[in-house]
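Here's the structure, in structure tokens; my notes come after.
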Amino acid sequence: MEEKMTVLVTGGSGMLGYALQKVIKEKKRPGEEWIFIGSKDADLREIDETRTIFEKHMPTHVIHLAAIVGGVFKNMKNTCDILLTNQKINLNVYQVCKEIKVKKLISCLSTCVYPDKITYPITESMLHDGPPHPSNFGYSFAKRSIDAMNKCYRWQYGCPFVSVIPTSIYGPNDIFSVEDAHVIPGLINKVRMCKRANTPLVVWGTGKPLRQFIFSYDLAQLVIWAIREYDEEDNIFLSVDEKDEISIRELVEVIVEEYGFKGEVVFDDTKTDGQYKKTVSTAKLRKYLPDFKFTPIREGIRETIRWFEDNYDIART
Ligand code: NAP
Ligand code: GFB
């Protein structure tokens with residue numbers, strides 16, 4: 001008899017939550033129930049609202065994604081608010097997961113929270129080996145305190161809490177607002193505007209930084225695998241391999257080609273590049289899933305542009 005699994009996903013209305021909803025439709029197993037919540041269902045900054053929604057659904061397993069998230073420019077502008085809000089959300093979710101004795105809690109860190117001055121490729125155990133890049137200081141320490149809670153709740157109360165660590169994610173239902181978005185959705189929205197206004201595309205920074213980008217639907221499959229089968233105490237990177245790392249300049253070429261933009265492209269190097277690179281090793285992930293196939297970036301961007309064009313009116317712009 002399949003063990004009954006009730007999985008509650010916080011941040012279920014966001015980009016990764018949306019991808020999980022899409023993927024689990026095809027991959028749900030008998031005995032599994034999946035519940036997706038957003039801030040409209042409960043404001044997780046409030047302990048009472050958090051307790052009420054968790055006690056209503058009594059999950060056996062929790063995937064904790066809820067957070068204030070954004071690109072390098074949003075992080076720099078809101079570093080304190082992001083630290084405080086994300087810490088409040090995390091403290092409440094962890095406390096209630098202990099209270100209702102969940103069988104597993106998987107939360108989400110990010111590769112950008114690792115030390116900026118470090119040897120590459122980065123491995124999972126290097127998290128506290130130095131300060132993060134100043135551009136995402138507040139966001140990083142809220143995430144690092146998640147790692148501290150995983151360990152402390154496990155050491156003192158035996159709670160099965162652990163984290164997965166995605167690299168830069170992109171895909172449908174992302175934040176596309178030019179000011180707050182990450183580079184891929186931000187540029188996709190800009191290209192759409194420039195095509196209509198017949199103006200040059202302004203890329204921020206020098207175009208030199210390097211990034212590993214993972215398509216949200218691929219990441220959703222890996223998160224589903226983790227909640228079902230990943231039972232280690234230590235965190236794990238969920239990222240495309242090092243060989244798939246590309247520069248922002250190469251990324252711009254793919255977006256421009258896929259969107260059919262023929263206009264001028266200029267780089268505004270008065271804007272920050274943020275972290276130069278944050279290359280992570282996927283050796284641990286590949287030990288578990290040696291044959292996992294990632295969506296090539298050109299295909300993922302084509303699908304994201306198509307979603308944005310089809311859903312422009314409801315997209316977060
Ligand atoms: P997102 O699209 O911005 O979604 C954020 C989610 O958090 C939304 O569902 C939002 O609900 C919810 N939320 C925010 N404040 C809340 C509150 N006070 N109470 C309840 N829910 C609240 O984020 P994402 O890009 O999918 O990121 C998912 C996770 O992956 C986050 O933990 C993020 O830190 C991590 N991550 C993201 C990236 C990336 O490149 N995006 C990279 C690495 C790690 P509403 O929409 O209803 O407000
Ligand atoms: O995606 P992004 O905002 O975040 O920027 P990070 C990536 C790179 O793209 C930077 C350049 O070098 C930017 O200078 N870039 C060029 C642009 N044009 C644009 C544009 O129009 N919009 C944006 N946003 N960037 C984030 C962290 O760092 O990584 C977050 O701040 C989060 O906390 C995320 O974790 C995954 O990759 O630099």
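Note that these values count all heavy atoms, side chains included, but never hydrogens, waters or copies made by symmetry.
Within the 4.5 Å cutoff, no side-chain heavy atoms of Thr50 are placed close to those of Gln95. Using a 4.5 Å heavy-atom threshold, the side chains of Val93 and Phe54 count as touching. Side-chain contact check for Leu201 versus Val252: some heavy-atom pair is nearer than 4.5 Å. Between Val102 and Phe161 there is a side-chain heavy-atom pair separated by less than 4.5 Å.
No side-chain N or O of Glu245 forms a donor-acceptor pair with one of Tyr120 less than 3.5 Å apart. If you check the side chains of Asn150 and Tyr94, you find a donor sitting under 3.5 Å from an acceptor. Residues Thr6 and Thr60 have side chains that never bring a donor and an acceptor to within less than 3.5 angstrom of each other. A donor atom on one side chain and an acceptor atom on the other are not found under 3.5 Å apart for Asp81 and Thr85. No hydrogens or angles considered: a donor-acceptor pair under 3.5 Å links the side chains of Asp241 and Thr282.
No more than 12 heavy-atom neighbours from other residues, nucleotides or ligands sit within 6.0 angstrom of NZ on Lys208. Heavy-atom neighbours of Lys56 NZ from other residues, nucleotides or ligands within 6.0 Å: at or below the threshold of 12. Environment of CZ in Arg228: crowded, with over 12 heavy atoms of neighbouring residues, nucleotides or ligands closer than 6.0 Å. In the displayed structure, Lys77 atom NZ is contacted under 6.0 Å by more than 12 heavy atoms of other residues, nucleotides or ligands. Heavy atoms from other residues, nucleotides or ligands lying under 6.0 Å from NZ of Lys277 number more than 12.
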For residues 175-192, run the donor-acceptor check on the side chains, cut-off 3.5 Å, and write out each pair with its distance to 0.1 Å, sequence neighbours left out.
from   : atom 1 : to     : atom 2 : distance (Å)
Ser177 : OG     : Asp180 : N      : 3.2
His182 : NE2    : Gly70  : O      : 3.0
Asn189 : ND2    : Phe176 : O      : 2.8
Lys190 : NZ     : Val202 : O      : 2.8
Arg192 : NE     : Glu309 : OE2    : 3.3

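Using the six-membered ring where Trp is involved, Tyr157 and Tyr153 have ring planes that are tilted, between 30° and 60° apart. Using cut-offs of 30° and 60° for the angle between ring planes, the Phe213 and Tyr170 rings count as perpendicular. Note on ring orientation: taking the six-membered ring where Trp is involved, the planes of Phe292 and Phe294 are perpendicular (angle over 60°, cut-offs 30° and 60°).
Atom CE of Met76 and atom CZ of Phe137 lie 13.5 Å apart (nearest 0.5 Å). Here the straight-line distance linking atom OG1 of Thr304 with atom CD of Glu299 works out to 11.0 Å at 0.5 Å rounding. Separation of atoms CD (Gln275) and OG (Ser135) is listed at 6.0 Å; rounding is to 0.5 Å.
Considering Ile63, Leu16, Ile37 as possible partners of Val9, the one that fulfils the side chain to side chain contact (heavy atoms under 4.5 Å, CB included) test is Ile63.
Aromatic rings from Trp225 and Tyr288 are positioned such that their centres are separated by under 6.0 Å.
Among residues at least two apart or in separate chains, ring-ring contact (aromatic ring centres under 6.0 Å, His included) pairs with a member in residues 186-208 are Phe73-Trp204.
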Walk me through it: do Glu124 and Lys284 pass the test salt bridge (Lys or Arg N to Asp or Glu O under 4.0 Å)? CA-CA 9 Å; Glu124 285 85 352; Lys284 187 173 182 179; 5.4 Å; no
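Taking the centre and axis of the six-membered ring of Tyr259, the NZ or CZ atom of Lys195 falls outside the cone set by 45° and 6.0 Å.
Hydrophobic clustering, with ILVMFWY side chains joined whenever heavy atoms are under 4.5 angstrom apart, keeps Leu285 apart from Leu127.
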